[in-house]
2 protein chains.
Amino acid sequence: MKMSDIITARIMQMLEQSEYNSAEIQRNELAALVGCVPSQINYVLASRFTPEHGFVIESRRGGGGYIRITRVSLDRSSALMHIINSIGGELDASTARILIENSLQADLIDGKSAELMQAAISSTVLREIPPILKDRFRAAVIKQMLIALI
Amino acid sequence: MKMSDIITARIMQMLEQSEYNSAEIQRNELAALVGCVPSQINYVLASRFTPEHGFVIESRRGGGGYIRITRVSLDRSSALMHIINSIGGELDASTARILIENSLQADLIDGKSAELMQAAISSTVLREIPPILKDRFRAAVIKQMLIALI
DNA sequence: ATAGATAAGGTCAGTAAAGGTCAAAAAAGA
DNA sequence: TCTTTTTTGACCTTTACTGACCTTATCTAT
């Protein structure tokens, strides 16, 4: 098992056990415990406990310093609403792809839904409609599909 | 015996032995074991462990990366295949609706996927498309979305 | 007070360890 | 022979890990 996974598991475990979805660690202590360099703790936090993943990190340096990881429950449907409203009448291919990817990362939609969206606006499908209409089409499809997920 | 067959046999064997119809390999390790270049593993996976053959591949790069091969129940994916092939170049609104409904009843797709499909070909979306193209559009969208679910 | 000393955590660039892609060459089949 | 499948290798992208050096906070002796 990878070191990063071990660290992740340990933090998750602390979060489970905590009352308030919040865990406080000492960077050096945890690093020594699992046997890695301190900076790897930062790597794990940066790659797996991001706001996109629904976590907030606070920390303090100096004597008695700490790192606090808090799991925040983001309001799914209002976040989705926000995205839907941000889509205008047109949506180009790369913006669409990024939008779907971000929604997935933010855990607003699941992997299968993301794939279905990509499929619905895939080039294979787009081939069926006149080029001038593609952007309008993408916007309409993505919007309707997101609405279906609320 | 061909190298590709050896690799295939080895993966199959792992799948047999696994509890969950799923095997996890290290690409480089397996390549070294059977004596081929790593990229041939990709070739075998691409040519013999496709969704059409009833397999799903997931992988991760980077240190400690892996490739996971999962066998999916053939009935489901082959039934889906059958449906996909039965869709011609055009699909009218009511046939589409019935097709989605039937797939749901037959448990080939889940409720959420069904709703996403309905949304993707909803009248709101279709409004963006020239009437003569609507049937072609429906066929393309539904086909791609079903393929994404295999 | 305040200057060091000490005790945290932060950053970043570099290296290593995977897997992915693609096109060309070779082999096998038809 | 002609076409399809297999094999190979050069090059790419992503993820993980490490260590040197930096910043901030606290403590302690003057």
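Bear in mind that the values here come from a model prediction, so they are computed numbers and not experimental data. In what follows, chains carry the letters A, B, and so on, assigned in the order in which the sequence lines appear, proteins first and then strands, with residues in each chain numbered from 1.
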**Q.** Residues B/Asp92, B/Arg97: salt bridge by 4.0 Å N-O rule
**A.** no
Q: Grab the OH-C1' distance between A/Tyr66 and C/dG10 for me, whole Å please.
A: 15 Å
Q. Can you name the nearest heavy-atom pair linking A/Leu104 to A/Asp110, along with the distance?
A. CD1-C, 3.6 Å
Q) Which residues, if any, of residues 25-47 of chain A bring a heavy atom under 4.0 Å of DNA chain D? A) A/Val37, A/Ser39, A/Gln40, A/Tyr43
Q.
Test of understanding: clusters of I, L, V, M, F, W, Y form through side-chain heavy atoms closer than 4.5 Å, transitively. Do B/Ile150 and B/Phe49 belong to the same one?
A. no
Q. Judged by atom type as modelled, is there a donor-acceptor pair below 3.5 Å linking the side chain of B/Glu90 to the main-chain atoms of B/Ala139?
A. no
Q: In whole angstrom, give the distance that lies between atom CG of A/Asp5 and atom P of D/dT15.
A: 13 Å
Q: Would you indicate what B/Arg48 reaches in the nucleic acid, counting non-hydrogen atoms under 4.0 angstrom: base, sugar-phosphate, or nothing?
A: sugar-phosphate
Q. Would you say the side chain of A/Phe55 lies within less than 4.5 Å of the side chain of A/Pro51, judging by non-hydrogen atoms?
A. no
Would you tabulate the pairs of protein nitrogen or oxygen atoms and nucleotide nitrogen or oxygen atoms of nucleotides 25-29 of chain D closer than 3.5 angstrom?
unit_1, atom_1, unit_2, atom_2, d
D/dA25, O3', A/Arg60, NH2, 3.1
D/dT26, OP1, A/Arg60, NH2, 3.0

Q) So does B/Arg76 pair up with B/Asp107, basic N to acidic O under 4.0 Å? A) no
Q) Can you tell which of C/dG20, D/dC17, C/dG29 lies closest to the side chain of B/Ile67? A) C/dG20
Q) Do B/Ile87 and B/Met145 sit in the same hydrophobic cluster, where Ile, Leu, Val, Met, Phe, Trp and Tyr count as joined when their side-chain heavy atoms come under 4.5 Å apart? A) yes
Q) Considering all heavy atoms of both residues, which atom of B/Ala148 and which atom of A/Ala119 are nearest to each other, and what is their separation? A) CB-CB, 3.8 Å
(Q) Please report the distance, rounded to the nearest Å, between NZ in B/Lys2 and C1' in D/dT4. (A) 11 Å
